[in-house]
Trainee: 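One structure, pasted below without further comment.
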Amino acid sequence: MSRTATLKDRIDPRKLPRHIAIIMDGNGRWAKERGHDRIYGHHEGVQSVKSVVEACGELGIPYLTIYAFSTENWERPSDEVNGIMELLVSTLHKEIDSLREHNIRLHVIGDLDMLPPVCRQEVQEAVQLTASHDGLHLIVALSYSSRWEIVQAVKQLAADVRAGKVKPEDIDQQIFAQYLCTAAFPDPELVIRTSGEYRISNFLLYQIAYAELYFTPTLWPDFRKENLYEAILDFQSRERRFGKTSEQIQQNEEMFS
């Protein structure tokens with residue numbers, strides 16, 4: 001039996017995270033180590049996305065968010081940015097049939113007004129073509145940053161308060177969450193960052209308040225199913241207390257066992 005299959009067999013299907021979020025880092029370094037330009041690493045990273053999406057579908061994980069491009073990434077060299085935008089369009093063209101075949105619903109969150117018109121059109125069409133699917137929800141964070149998202153949420157909430165749609169005294173965490181890009185999704189339970197960096201990089205800051213964080217030195221183009229399985233097994237080995245004590249968690253488990 002292969003190592004990948006062995007790792008998969010060790011996963012407890014009763015304790016899967018409902019929502020996994022991934023900061024896909026290391027494409028540029030992976031390419032440079034092999035004597036190529038950075039865009040080559042982004043191209044190879046697409047294979048990792050396909051592998052992880054397939055693994056989540058097989059395991060029955062309902063939600064997967066991938067951090068594809070941040071608002072800060074617009075400051076990168078124009079050749080790299082243009083290459084990433086072209087890659088986005090070509091990937092959507094190539095993979096839309098696969099998304100439809102596997103019943104995957106595509107969502108895109110972020111400041112899409114910043115995208116070139118042709119990219120924005122391709123994204124919107126792909127989202128529409130998969131809108132009726134009820135399998136894995138694949139959420140692509142594109143031209144996204146959490147601080148941008150929170151500011152936009154506050155602006156919209158303030159406008160609704162001014163219009164009398166929301167009373168200030170009624171605002172709580174649940175109401176605020178409705179104004180975020182992720183209002184339709186549960187919060188991530190597991191956040192994975194590749195390439196050995198130990199930071200969140202402006203990603204889902206509000207939503208990951210109680211997520212388990214998993215950091216791996218593996219560069220994103222090398223990340224495959226077995227790496228995802230390792231992250232899930234690590235997740236399943238942790239005690240998630242949400243501010244409670246271990247004793248309280250154990251008592252709750254005994255009550256419902």
Side-chain angles (χ1 to χ4, degrees), residues 4 7-8 11-27 42 45-70 87-88 91-92 94-110 123 126-127 129-144 146 149 180-195 200-201 203-216 218 220-236 240:
T4 300
L7 288 169
K8 185 179 180 182
I11 292 174
D12 186 343
R14 300 167 300 175
K15 297 181 180 180
L16 288 169
R18 289 192 68 214
H19 187 172
I20 296 175
I22 304 179
I23 303 171
M24 308 180 295
D25 194 23
N27 291 336
H42 295 298
V46 172
Q47 300 306 314
S48 300
V49 173
K50 293 169 66 174
S51 180
V52 168
V53 167
E54 183 177 318
C56 286
E58 291 172 351
L59 289 171
I61 291 170
Y63 299 90
L64 170 66
T65 297
I66 55 175
Y67 201 6
F69 193 84
S70 73
L87 177 61
L88 170 65
T91 301
L92 287 173
K94 292 176 182 176
E95 300 301 328
I96 189 63
D97 287 341
S98 179
L99 293 176
R100 298 174 77 175
E101 178 185 351
H102 293 93
N103 196 30
I104 296 170
R105 183 170 180 179
L106 179 68
H107 308 265
V108 181
I109 60 173
V123 166
V127 168
L129 286 170
T130 65
S132 63
H133 296 177
D134 58 3
L136 171 68
H137 292 263
L138 174 59
I139 305 143
V140 179
L142 182 64
S143 187
Y144 170 89
S146 189
E149 175 189 31
L180 297 172
C181 297
T182 55
F185 319 124
D187 288 343
E189 294 177 87
L190 171 61
V191 177
I192 300 169
R193 180 166 189 148
T194 61
S195 87
I200 299 302
S201 295
F203 181 51
L204 300 176
L205 298 178
Y206 188 88
Q207 297 89 335
I208 64 172
Y210 277 102
E212 299 296 325
L213 307 181
Y214 179 85
F215 301 98
T216 173
T218 303
W220 179 246
D222 289 327
F223 196 93
R224 290 295 187 270
K225 288 183 180 182
E226 67 179 68
N227 304 102
L228 180 69
Y229 298 155
E230 288 172 340
I232 293 173
L233 287 168
D234 182 83
F235 169 85
Q236 293 187 340
R240 309 192 71 219

Trainee: For E226, is there any backbone N or O sitting under 3.5 Å from a side-chain donor or acceptor partner on T4?
Mentor: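 No, T4 side chain to E226 backbone: no donor-acceptor pair under 3.5 Å.
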Trainee: Give the C-alpha distance, both sets of side-chain angles, the deciding distance and a yes or no for side chain to side chain contact (heavy atoms under 4.5 Å, CB included) between C56 and L228.
Mentor: CA-CA 9 Å; C56 286; L228 180 69; 4.0 Å; yes
Trainee: Do you know which two heavy atoms are closest between L59 and Y229, and how far apart they sit?
Mentor: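 Scanning both residues, the minimum pair turns out to be CD1-CE2, 3.9 Å.
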Trainee: Taking atom CD1 of I23 and atom CD1 of I66, what is their separation to the nearest 0.5 Å?
Mentor: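 I23 atom CD1 to I66 atom CD1 measures 12.5 Å (nearest 0.5 Å).
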Trainee: Verify, without hydrogens or angle tests, whether D187 (side chain) and I208 (backbone) share a donor-acceptor contact under 3.5 angstrom.
Mentor: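 Not confirmed, D187 side chain does not pair with I208 backbone.
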Trainee: Taking it one step at a time, do I232 and I20 satisfy side chain to side chain contact (heavy atoms under 4.5 Å, CB included)?
Mentor: CA-CA 9 Å; I232 293 173; I20 296 175; 4.1 Å; yes
Trainee: Taking the side chain from E212 and the backbone from F235, do they hold a donor-acceptor pair closer than 3.5 Å?
Mentor: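 Not a single qualifying donor-acceptor pair exists.
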Trainee: I192 versus F223: any side-chain heavy-atom pair under 4.5 Å?
Mentor: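 I192 vs F223: side chains touch.
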Trainee: Any idea how Y144 and F203 line up, ring-wise: parallel (<30°), tilted (30 to 60°), or perpendicular (>60°)?
Mentor: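 Y144 and F203: perpendicular rings.
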Trainee: Is any side-chain heavy atom of L204 closer than 4.5 Å to a side-chain heavy atom of P188?
Mentor: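 Side chain of L204 against side chain of P188, heavy atoms only: contact under 4.5 Å found.
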Trainee: Checking side-chain contact (heavy atoms from CB on, under 4.5 Å) between L99 and each of L129, T130, L136, which is the one that passes?
Mentor: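 Only match with L99 under side-chain contact (heavy atoms from CB on, under 4.5 Å): T130.
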Trainee: Could you go step by step and tell me if R193 and I200 meet the side chain to side chain contact (heavy atoms under 4.5 Å, CB included) rule?
Mentor: CA-CA 8 Å; R193 180 166 189 148; I200 299 302; over 6 Å; no
Trainee: Hey, could you give me the OG/CG distance between S146 and L180, rounded to the nearest 0.5 Å?
Mentor: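 S146 OG to L180 CG: 8.0 Å, rounded to 0.5 Å.
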Trainee: State, yes or no, whether a side-chain contact exists between Q207 and F185 at a heavy-atom distance under 4.5 Å.
Mentor: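 They are not in contact (no side-chain heavy atoms under 4.5 Å apart), so the answer is no.
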Trainee: Taking the side chain as C-beta and beyond, is there a heavy-atom pair between V123 and V140 under 4.5 Å?
Mentor: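 No, side chains not in contact.
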Trainee: Testing the basics here: between E95 and K50, what is the closest heavy-atom pair and its distance to 0.1 Å?
Mentor: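 Of all heavy-atom pairs spanning E95 and K50, the closest is OE2-NZ, 3.4 Å.
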Trainee: Would you compute the distance between atom CG of D234 and atom OG1 of T216 and round it to the nearest 0.5 angstrom?
Mentor: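 Those atoms lie 10.5 Å apart.
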Trainee: In Å, rounded to the nearest 0.5 Å, how long is the span from CD1 of I96 to CD1 of I104?
Mentor: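 Going from the CD1 atom of I96 to the CD1 atom of I104 covers 10.0 Å.
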Trainee: Could you report the tightest heavy-atom contact between A126 and L106, atom names first, then the distance?
Mentor: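 For A126 versus L106, the nearest heavy atoms are CB-CD2, 3.6 Å.
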Trainee: Quick one: pull up OG in S98 and CD in E54 and give me the separation to the nearest 0.5 Å.
Mentor: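 The OG atom of S98 sits 8.5 Å away from the CD atom of E54.
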Trainee: Measure the CG-CD distance between L190 and Q236 for me, rounded to the nearest 0.5 Å.
Mentor: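 So the CG of L190 and the CD of Q236 are separated by 10.0 Å.
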Trainee: With D97, which residues qualify under salt bridge (Lys or Arg N to Asp or Glu O under 4.0 Å), at least two apart?
Mentor: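 Here no residue qualifies.
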Trainee: Can you find a pair of side-chain heavy atoms, one from H137 and one from T65, that are under 4.5 Å apart?
Mentor: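 No - every pair of side-chain heavy atoms lies 4.5 Å or more apart.
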Trainee: If you take all heavy atoms of V49 and W220, which pair is closest and at what distance?
Mentor: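 Nearest heavy atoms, V49 then W220: N-CZ2, 3.7 Å.
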Trainee: Quick one: closest heavy-atom pair of A211 and V191, and the distance?
Mentor: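 Smallest interatomic distance, heavy atoms only, reads CB-CG2, 3.9 Å.
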Trainee: Which heavy atom of L64 sits nearest to which heavy atom of H19, and what is that distance?
Mentor: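 Smallest interatomic distance, heavy atoms only, reads N-CD2, 4.2 Å.
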Trainee: Would you check if there is a donor-acceptor pair between the side chains of R224 and S48 at a distance under 3.5 Å?
Mentor: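 There is such a pair between these side chains.
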Trainee: Please tell me if the side chains of E230 and Y214 come closer than 4.5 Å, counting only heavy atoms from C-beta onward.
Mentor: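 Touching, per the 4.5 Å side-chain cut-off.
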Trainee: Is it true that a side-chain atom of E189 and a backbone atom of R18 form a donor plus acceptor pair closer than 3.5 Å?
Mentor: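 Judged by distance alone, yes, a pair lies under 3.5 Å.
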Trainee: Main chain of D25, side chain of T194: is a donor-acceptor contact present, judged purely on distance under 3.5 Å?
Mentor: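 Yes, the answer is positive, given that a donor and an acceptor are paired below the 3.5 Å cut-off.
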